[in-house]
K.L.:
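Could you have a look at this structure, given as structure tokens, before my questions?
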Amino acid sequence: MPALPALALDAPPQISQYAHTSWTARDGTSLGLVFSMAQTQDGYLWLGGSFGMFRFDGLRFTPWQPPAGQSLPDNPYALLVSRDGTLWIGTFDGLASWNGKTLTRHPQVGGGFVTSLFEDREGTVWAGLLGSEGRLCAIRAGQETQCVKPDGGFGQFVWSLTEDSAGALWVGAESGLWRWKPGPPQRVETPGMRVGDLSAAAGGQLLVAIRGAGIRRVVGDKLVPLPMRSATRPGEWLSDQEIKANKLLLDRDGGLWVGSEAHGLVHLQDGKADMFNRADGLSGNIACSLFEDREGNIWFGSEKGVDRFRKLPVTTISTLQGLPSGATKSVLATSDGSVWVGTAEGLARWRKDARPTVYKERDGLPAAAVQSMYEDSDKRLWVSTGRGLAYFAADRFVAVNGVPGREFYSITGDEAGNLWLSANDGLVRLRKGQVVENIPWATLGRRQQAKIILADGTGGLWLAFWQDGGVLYFKDGKVQAAYLPAQGLGAGHVAGLRLDADGAVWAATEKGGLSRIKDGRVDTLTVGNGLPCNTVHWSALDDNGSLWMYAACGLVRVMRDDLAAWIADPGGHRIAPKVMGAADGVPLMAFSPAYFNPPVAKGPEGKLWMVSGVDLQVVAPDHLPINPLPPPVHIETLVADHKAYTVADGLTLPPRARDLSIEFTALSLVDPKSTRFRYRLEGHDTDWQEVVDRRQATYTNLPPGHYRFHVKAANNSGVWNEEGAQLAFAIEPAFYQTPWFRVAAAVVLLGLAWSGFQLWLHMRIRRLHRQFEARLEARVAERTRIARDLHDTLLQHFHGLLLQFQAAFNLLPERPRESKQVLAGAIDRAAEAITEGRDTVHGLRTSTQETNNLAEALQALAEDLAHENGHTATAHVQVHGAPQALHPLVRDETFRIAGEALRNAFHHAQARRIDVEIRYDARQLLVRVRDDGKGIAADVLRAGEKEGHFGLSGMRERAALVGGQLALRSGGTDPGAGAGAGAEVEFSVPGSRAYSRPAPTRAWFLPKRLAPSEIGE
């Protein structure tokens, strides 16, 4: 197969095809006139101008001043970085050099205006000066500076210096052009011409910018014009007046950049020049400096700012490169090596020429507005236009009449020689240029035309639709299969359809990613599998088998092996795509930019041509520009609590440094915003933190200790600087954070804990001792009371019985009747004594502890007493308020007081009804026993007890023991009052003493203060 001719993409790019960025005062960048630029080995770009020195990291222009005590002789004008890394600074009043730490002045050069600096291949730095007479100074390592001038002199200035491919040093001066070395100086005559900048051309020739006279080249001992043809107007030559060359730069690709005095920037390659000026977005039209950095970016300094030009992986072809219109519609690569691009104003054909041939109505097209294209099996090109269909033959187009419809969105052909068209009205089939079938879309169950149709080689057609989405398979006059989101197809309009060599159909959808249909199965590649976004406009394969997709987020590439792995495991494999976006020259489109087909074509040498709706983009998969230089990484500042510290290993920060931020940068000037960083603070971070275009790490409340901050960076091509930059620093501890303080604090805390424990133990023992004494006293008092009760009741009765028995004994012989009466009385007194003894014992043993229910206990006691009394009286117990748990001592004493009142009522009051009222109130517990008996005699009420009896006094003692009040009342004061007068016993205890409550929380070291109710058992 013969070699295919080269296409326009092989031609050097024009300025308009570079990525252009400018910085001016409108962007907040005030640099003044930028006279010169240089790049130091650490990656920083240095700019010298009328506003002083600036250092640029790709994002920020930072004014630069030498260290304290050092200064430049004057404003900078010429800059040079020599091979040893020294930055040479030529000023309006002398020469200085900066090695990164120290600024050195060179007084041997004198105080002249340093106009130019150059380092030759031997390492000698040359400086050209302007003054009363021009001088040329050589600064050699280890030797003194030597300044010379030739016989006849340079005039008032030396303006430019360069070295040609043979190693000759050339000097541009007021007196003309000088070949300085090797050998004796030789002057090239320049009659009437003022020499400006110098540069070596790609072929080794010396180029000279002549002020007001364009560019000349040295041929022998003469200067001859350098011819330049217009790149945008190939038939025209550029005149010297259109150039007005001021600055020259030969880039690494052999292109010549020319800075003009008034017309901006000119780019010359292969004899063709194109221009870029302020109207195109250049910062200014007056060239002050030109520079190429180590990554191949071209920098232009003007009177108003700075511009950067860089090559893009995706090249744009516009009307400047011969496209008839910026509104592109479709693109097709044909078997003869041509690439055809349909636009709104003609059909462009690229072959071997750099500029295309354009076909319009004059060439047989029905209309210049081209729509879809197709090449059939006979290698015939078919083109649809707004006015009909045509095919290409004998370098002209032939119209086909009688084809229905005004728009044809897609064209394809089957193996039987049929041509199929997707038209407005239906699916049209042509045979030998004649319409043989027109199938309305409604027949296929559709409301709108198919966007894309593809023949599969077996007589079937695949159709993709915008409205309602989905893909249909049509064969033998009917729809054989339909694929919709319900079958797994991606959602939204189907914007692209492709049939691969394996018979799989790839459908690009506007909402659901890229779907693959094979043997009735649908697998869809989405963001869940690593796709950067789900809006896909089309897909294509390059010559290496890699998958390319034009998506809303950019141009996406998936490598062949990665794609094969996903096809083998659609549900489990996650792809790792490469995405090229706006910074790479790819227009970002939210919707499919191609209404007609095809939207992409693989042209000669494997290049992909694609329409974007605006202009045309071309990418060469095998020649993607790679930035191989890992970006230098620098840690610029460390700020702790709003105070900046000098960045140096061994930095020590003061105690309690709370807010700490570390600013860093990476010096890649190609696409700084795509720079990726990884950083980690050793001693704090457990893993690397990865960010894109964020150049600050912030930490808060770091504890004292030693740390090391490590940061790495990758450029726009993903090339990492694994060494990166590191900064070791320490945060001093405050006095209370030091080990000795912690040890001392621990000792003090242990001492306090031991002392506290001893104090708690002592107080606990005291408390237990007090409790023991209190309980002992209570038991002694209780036993004393019981003893008194026994003594005053049972023992007194027994003593009385003895006296009565003695009296009966004495009367027995003589007066038996009286003796019998005395014995009967004694028997009654014995029964009474037995009852009182039993009551006393009952009072000792009876308790409400089993139920803690005072009402139930009193009710049970009343029933027992009624039984003993022959049920002559009845008792009724009433409870008011919600019953509450009582303190055990209060509970028992209350029961005993009420029990004593009940016994008195049953045994002595001759009552018929007894009422017991228990009232639970928040303020107090009240128990009232009331009967309708004979009441209490007045003298007993006054005395508080009945002579010879201790029941009432015992009730009072019990009431006092628990801190309560006892009240006695009687309905009558006359001892002879009749039944019904009644008596009332009322007992009350404050609620704070009566009710059981959880013990309040107390300090462990304070002893518990005993309440009166806690005394006793």
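We number each residue from 1, following the sequence as shown. What you see is a predicted model; the values in this text were computed from it and never measured.
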K.L.:
Let's go through Met559 and Arg557 carefully: what are the C-alpha distance in whole Å and the side-chain angles of both, what is the deciding distance for side chain to side chain contact (heavy atoms under 4.5 Å, CB included) to 0.1 Å, and is it a yes or a no?
P.N.:
CA-CA 6 Å; Met559 301 302 290; Arg557 182 183 65 175; 3.6 Å; yes

K.L.:
Does Leu629 offer a backbone N or O that forms a donor-acceptor pair with the side chain of Asn715 under 3.5 Å?
P.N.:
yes

K.L.:
Is a side-chain N or O of Ser717 found less than 3.5 angstrom from the main chain of Val719, in a donor-acceptor match?
P.N.:
no

K.L.:
Do any N or O atoms from the side chain of Glu295 and from the backbone of Leu669 form a donor-acceptor pair under 3.5 angstrom?
P.N.:
yes

K.L.:
Contact between Asp456 and Tyr473 at the side-chain level, heavy atoms closer than 4.5 Å - yes or no?
P.N.:
yes

K.L.:
Would you please classify the geometry between the Trp382 ring and the Tyr391 ring as parallel, tilted or perpendicular, with 30° and 60° separating the classes?
P.N.:
tilted

K.L.:
Given Tyr359 and Asp395, is the side-chain hydrogen bond (donor to acceptor under 3.5 Å, both in side chains) satisfied, shown in steps?
P.N.:
CA-CA 10 Å; Tyr359 296 85; Asp395 206 31; 2.9 Å; yes

K.L.:
Under a 4.5 Å cut-off applied to non-hydrogen side-chain atoms, are Leu389 and Leu430 in contact?
P.N.:
yes

K.L.:
Kindly compute the distance separating CG (Asp378) from CZ (Arg380), expressed to the nearest 0.5 Å.
P.N.:
6.5 Å

K.L.:
Could you name each residue pair satisfying salt bridge (charged side-chain N to carboxylate O under 4.0 Å, His left out) that touches residues 585-603, not counting sequence neighbours?
P.N.:
Asp543-Lys602

K.L.:
Any donor-acceptor pair under 3.5 Å linking the side chain of Ser539 with the backbone of Trp548?
P.N.:
no

K.L.:
Hey, is Asp336 close enough to Arg349 for a salt bridge, meaning N to O under 4.0 Å?
P.N.:
yes

K.L.:
Cation over ring, Arg678 on Trp720, under 6.0 Å and within 45°?
P.N.:
yes

K.L.:
Below 3.5 Å, can you tabulate the donor-acceptor pairs from side chains in residues 571-590 to any protein atom, sequence neighbours excluded?
P.N.:
{"unit_1": "His573", "atom_1": "NE2", "unit_2": "Asp562", "atom_2": "OD1", "d": "2.5"}
{"unit_1": "Arg574", "atom_1": "NH1", "unit_2": "Gly528", "atom_2": "O", "d": "3.1"}
{"unit_1": "Asp584", "atom_1": "OD2", "unit_2": "Gly581", "atom_2": "N", "d": "3.0"}

K.L.:
Taking all non-hydrogen atoms of both residues into account, name the closest pair between Val435 and Gly402 and its distance.
P.N.:
CG2-O, 3.5 Å

K.L.:
Quick check: do Lys311 and Pro625 have side-chain heavy atoms less than 4.5 Å from each other?
P.N.:
no

K.L.:
Indicate the atoms forming the closest heavy-atom contact of Val358 with Gly322, along with that distance.
P.N.:
CG2-O, 4.0 Å

K.L.:
Counting N and O atoms only, with roles assigned by atom type, does the side chain of Gln269 sit under 3.5 Å from a partner on the main chain of Asp253, one being a donor and the other an acceptor?
P.N.:
yes

K.L.:
Taking all atoms of both residues into account, what is the closest heavy-atom pair of Ser338 and Arg351, and its distance?
P.N.:
OG-CG, 3.4 Å

K.L.:
May I ask you to decide if Pro570's main-chain N or O and Asn529's side chain share a donor-acceptor pair within less than 3.5 Å?
P.N.:
yes

K.L.:
Tell me whether Gln371 contacts the main-chain N or O of Phe408 through its side chain, where contact means a donor paired with an acceptor under 3.5 Å.
P.N.:
yes

K.L.:
Might you point out which heavy atoms bring Leu616 and Met610 nearest each other, and give the distance in Å?
P.N.:
CD1-O, 3.2 Å

K.L.:
Would you say Arg310's side chain and Val670's backbone share a donor-acceptor pair under 3.5 angstrom?
P.N.:
yes

K.L.:
Holding to side chain to side chain donor-acceptor pair (under 3.5 Å), I want the full list of residues that pass it with Trp462, two or more places apart in sequence or in another chain.
P.N.:
none

K.L.:
Could you check Val341 against Ile317 for side chain to side chain contact (heavy atoms under 4.5 Å, CB included), going step by step and ending with a plain yes or no?
P.N.:
CA-CA 11 Å; Val341 181; Ile317 296 177; over 6 Å; no

K.L.:
Looking only at non-hydrogen atoms, find the nearest pair between Thr334 and Glu375 and report the distance.
P.N.:
CA-OE1, 3.4 Å

K.L.:
How far does CG of Leu472 sit from CG of Leu461, to the nearest 0.5 angstrom?
P.N.:
11.0 Å

K.L.:
Provide the closest heavy-atom pair for Arg252 versus Gly296 in the form atom of the first, atom of the second, distance.
P.N.:
NH2-N, 3.3 Å

K.L.:
For residues 477-495, please give each side-chain donor-acceptor pair under 3.5 Å, one per line with the distance, not counting sequence neighbours.
P.N.:
{"unit_1": "Gln480", "atom_1": "NE2", "unit_2": "Lys475", "atom_2": "O", "d": "2.9"}
{"unit_1": "Gln487", "atom_1": "OE1", "unit_2": "Leu484", "atom_2": "N", "d": "2.9"}
{"unit_1": "His493", "atom_1": "ND1", "unit_2": "Trp466", "atom_2": "O", "d": "2.4"}

K.L.:
So, does Arg516 use its side chain to make a donor-acceptor pair with the main chain of Arg521 at under 3.5 Å?
P.N.:
no

K.L.:
Can Trp566 and Val558 be said to form a side chain to side chain contact (heavy atoms under 4.5 Å, CB included), step by step?
P.N.:
CA-CA 10 Å; Trp566 177 79; Val558 181; over 6 Å; no

K.L.:
Please confirm whether the backbone N or O of Ala368 pairs with a side-chain atom of Glu361, one donor and one acceptor, at under 3.5 Å?
P.N.:
yes

K.L.:
With side chain to side chain contact (heavy atoms under 4.5 Å, CB included) as the criterion, how do Ile567 and Lys518 come out once you've worked through the C-alpha distance, each side chain's angles and the decisive distance to 0.1 Å?
P.N.:
CA-CA 11 Å; Ile567 292 174; Lys518 178 70 182 297; over 6 Å; no

K.L.:
Compare all side-chain heavy atoms of Asp280 with those of Ser16 and state whether any distance is below 4.5 angstrom.
P.N.:
no

K.L.:
In terms of ring plane angle, is the pair His20 and Phe276 parallel, tilted or perpendicular, where the classes change at 30° and 60°?
P.N.:
perpendicular

K.L.:
Mind checking what makes salt bridge (charged side-chain N to carboxylate O under 4.0 Å, His left out) contact with Arg447, not counting sequence neighbours?
P.N.:
Asp468

K.L.:
Taking atom CD as the centre, does Gln434 end up with more than 12 heavy-atom neighbours from other residues, nucleotides or ligands that are less than 6.0 angstrom away?
P.N.:
no

K.L.:
What ring-ring contact (aromatic ring centres under 6.0 Å, His included) pairs are there with at least one residue in residues 502-537, not counting sequence neighbours?
P.N.:
His537-Tyr550

K.L.:
Would you give the length of the straight line joining atom CD of Gln14 to atom NE2 of His267, rounded to the nearest 0.5 angstrom?
P.N.:
9.5 Å

